[in-house]
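Have a look at the structure below before the remarks.
Just follow the structure's listing: the first ligand is 1, and inside any ligand the first atom is 1.
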Amino acid sequence: MTIAIKKISLKNILQQFFIAIIAVVVASLLRKFLLGSLENKVVWITYYPAVIAAALFGEFLTGLLSAILTVLIAVYGWQFFSTSPFINSTADWISLSVFLFNCIIISAISDYSSRQRKKADKAKEQAELANRSKSIFLANMSHELRTPLNAILGFTELMQLNSKIPEEEKKNLEIINRSGEHLLNLINNVLDISKIEAGQIKIDISSFNLNNTLNDITQIISQRAEAKGLFLKTSLSKELPSYILSDELKLKQILINLLGNAIKFTEFGNIELNVSAFENKQTVSDLLKIEVIDTGIGISANEIDRIFEPFVQVGNISLTKGTGLGLTICRQFTELLGGIIEVQSKLGIGSKFTVQIPYLQINNTEIKQRNYQLIKSLALGEPEYKILIVEDQLENWLLLQRILENVGLKVKVAENGADGIEAFKTFKPNLIFMDIRMPIMDGLEATKNIRQSENGKKVKIIGISAHVFEDEIQNILSSGMDDFIKKPYHFNDIYGSLQKHLEVKYLYYNNIDSKEQGNIPLTAEMLKRLDDHVLLELKEYTENLDNVKLYELVERISLKNKELGNILHYYVSNFKITEIFRILKQIFINQS
Ligand code: ADP
């Protein structure tokens with residue numbers, strides 16, 4: 001054991017002296033007033049703890065100082081405690097010396113352990129900081145790397161189509177392309193993992209059509225399976241709900257990774273995807289059970305525990321053209337969603353991956369039809385409706401204001417709950433869209449306030465919240481709100497709630513039906529008219545097959561360009577996202 005000697009300043013000595021005095025004074029007062037009847041018996045009963053406390057709060061020197069002070073009290077100030085002096089014989093001197101010796105040891109041990117604890121805390125803090133910075137750095141780097149890599153992939157693909165390039169060169173191009181794809185895959189995976197570690201990946205719960213999601217996936221995967229001469233057998237249980245509340249994108253990624261692996265590691269036979277749902281008795285949510293079964297190479301018993309670790313690839317390495325990150329991401333996403341992932345496998349026979357994820361069912365009345373009719377304006381003869389938006393985020397209230405004013409509603413905005421109450425009194429709205437979290441006064445308090453005021457009973461109040469868990473819904477409704485809409489919302493959620501609560505009637509674009517939209521082909525020229533940042537967003541969401549964000553973007557586009565919005569809407573709702581992506585790719589290749 002070593003005692004660290006650090007530079008001692010006067011301030012430091014005074015500080016330690018102060019701690020030592022306090023410890024000894026407290027110990028003396030306790031000795032006198034609580035244990036005064038002890039006289040000359042068990043003299044050190046309060047002083048040992050005082051020395052330990054002094055050494056722990058201060059340092060070795062503090063412990064030593066408090067021990068010396070105690071000795072001085074025993075020799076010169078004992079009359080304060082007892083009528084007879086402390087030192088009566090040689091035995092008392094020995095007792096005093098033993099006390100001093102013990103205190104030196106105790107101070108050294110306390111000092112050492114408190115230094116070790118501080119060191120460990122600091123090291124932990126530094127490691128956490130370093131890990132966070134690493135993850136943020138990786139996340140940023142991966143983004144930067146993806147852009148030039150997309151150009152490499154695009155150009156090599158284009159050159160492969162060029163008839164002037166000799167076949168031999170095309171083989172080389174194919175190698176570049178394949179290596180690029182591999183690198184892109186690796187970067188995407190590293191990006192996902194570093195985002196999870198940096199705490200940047202959040203769960204995005206929304207309602208979606210489970211059947212559509214599973215169809216999207218099986219369409220992509222069955223093509224890949226067929227190309228390898230494998231058959232994808234899909235079995236969806238009859239009890240599967242049509243719509244569920246979960247994170248669609250993460251669910252998609254888990255499925256794509258597991259099914260992708262099944263194809264990669266299987267040379268003959270079948271791939272099976274079984275999806276079923278069952279009641280979860282312990283919680284309000286139900287469980288979605290996904291099984292991915294293959295007849296591939298399998299995993300040996302002694303390696304099976306390692307496959308979920310990052311960068312681990314087991315078995316025949318020549319077959320594994322992956323990154324060793326797919327299963328890590330699957331496990332992290334599954335756990336983020338509150339689920340579990342398991343694997344059973346036999347070498348040479350095949351593997352079975354099982355994922356169980358909790359989800360919330362939504363009843364049919366809450367299901368929003370995504371393929372809605374486009375609303376043109378309020379119906380003729382409708383009264384003038386006044387809508388108050390209480391929302392602090394500029395971009396949120398601007399969007400909502402546009403949605404409402406677009407069909408001819410009169411709108412006023414207040415940027416926090418307190419202003420909302422004032423605006424309610426002067427503007428006298430028919431309906432209020434109330435954000436929940438706001439500075440100064442939140443939406444729940446503002447609602448309670450409005451409900452207690454004059455005319456406050458009649459006005460309809462719709463909460464807007466990014467939270468959908470049961471207790472929050474209860475909170476929202478018990479504050480006096482009539483309904484709530486989850487963020488991010490669709491135009492139709494807003495129009496639908498006006499219809500439901502104010503019986504607003506609309507005029508629709510009857511002349512544009514989905515068939516007609518389908519007859520107008522999407523062209524690069526049409527997309528080029530979009531702003532650069534919108535184009536980039538469109539590219540990102542199509543690349544990620546992110547239906548929810550795509551629908552939102554299409555809605556934003558149709559605010560400025562209704563015709564293009566309608567066409568894009570048709571493409572998105574009719575599984576033609578890859579066609580949008582193909583056109584975008586051409587635009588980006590030509591630009592670079
Ligand atoms: P990758 O597939 O990119 O190598 P993963 O994290 O998805 O990385 O998988 C890790 C390893 O687990 C794979 O390299 C492979 O050795 C093993 N593995 C995963 N899925 C299967 C499967 N269906 N059959 C056999 N081995 C598998």
Side-chain angles (χ1 to χ4, degrees), residues 138 142 145-146 149 177-197 201 217-218 220-235 249-275 289-337 339-357:
L138 273 178
S142 307
L145 287 170
R146 276 169 65 158
L149 202 55
N177 199 277
R178 237 185 300 127
S179 311
E181 289 281 1
H182 180 70
L183 201 53
L184 186 62
N185 197 8
L186 183 67
I187 290 168
N188 284 340
N189 286 339
V190 169
L191 179 66
D192 276 339
I193 288 191
S194 52
K195 270 186 178 167
I196 295 171
E197 285 180 356
I201 289 211
I217 306 274
T218 46
I220 301 169
I221 294 294
S222 59
Q223 277 176 16
R224 273 161 65 181
E226 269 167 35
K228 213 178 158 185
L230 301 167
F231 178 64
L232 174 68
K233 228 162 78 185
T234 310
S235 136
L249 218 57
K250 293 198 181 55
L251 187 65
K252 268 185 182 169
Q253 179 137 16
I254 294 169
L255 279 163
I256 287 178
N257 284 1
L258 292 181
L259 288 163
N261 274 352
I263 295 174
K264 194 158 60 178
F265 297 108
T266 305
E267 293 305 314
F268 311 99
N270 299 327
I271 312 291
E272 251 179 78
L273 168 67
N274 303 326
V275 187
K289 184 172 173 189
I290 299 163
E291 289 174 343
V292 176
I293 307 169
D294 65 56
T295 52
I297 59 168
I299 307 156
S300 71
N302 56 346
E303 289 180 316
I304 206 158
D305 290 337
R306 294 172 48 231
I307 57 168
F308 291 102
E309 288 167 23
F311 299 108
V312 168
Q313 294 181 303
V314 298
N316 186 348
I317 298 294
S318 65
L319 267 175
T320 57
K321 295 189 199 87
T323 59
L325 290 172
L327 287 180
T328 314
I329 292 173
C330 279
R331 188 176 62 182
Q332 286 179 329
F333 279 3
T334 307
E335 286 173 0
L336 266 176
L337 295 174
I340 49 168
I341 182 165
E342 287 165 337
V343 57
Q344 291 168 317
S345 188
K346 268 214 170 102
L347 208 55
I349 309 272
S351 311
K352 173 175 164 184
F353 285 82
T354 311
V355 175
Q356 295 189 49
I357 292 175

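- Counted within 6.0 Å of NZ on Lys228, heavy atoms from surrounding residues, nucleotides or ligands total more than 12; the atom is thus considered enclosed.
- In this structure, Val312 is part of the shell of residues with a heavy atom less than 4.0 angstrom from ligand 1.
- Residue contacts with ligand 1, taken as heavy atom pairs separated by less than 4.0 Å, involve Leu325 solely via the backbone atoms N, CA, C and O.
- The closest approach between a heavy atom of Glu303 and any atom of ligand 1 is not below 4.0 Å.
- Contact annotation: for Leu258 versus ligand 1, there are no heavy atoms closer than 4.0 Å.
- Between Ile263 and Ile271 there is a side-chain heavy-atom pair separated by less than 4.5 Å.
- Under 4.0 Å is where a charged nitrogen must lie from a carboxylate oxygen, and between Arg224 and Glu226 no such pair does.
- Looking at ligand 1, you'll find an N or O of Leu327 within less than 3.5 Å of one of its N or O atoms.
- Close approach of ligand 1 to Gly324 is summarised as follows: ligand atoms under 4.0 Å from at least one heavy atom of the residue are 1 (P), 3 (O), 4 (O), 6 (O), 8 (O).
- With Phe353, Phe311, Phe265 as candidates, the residue nearest to atom 15 (C) of ligand 1 on a non-hydrogen basis is Phe265.
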Give the intermediate values and the outcome of side-chain contact (heavy atoms from CB on, under 4.5 Å) for residues Phe353 and Leu327.
CA-CA 10 Å; Phe353 285 82; Leu327 287 180; 3.9 Å; yes
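- Using a 4.5 Å heavy-atom cutoff, the side chains of Asn270 and Leu232 are not in contact.
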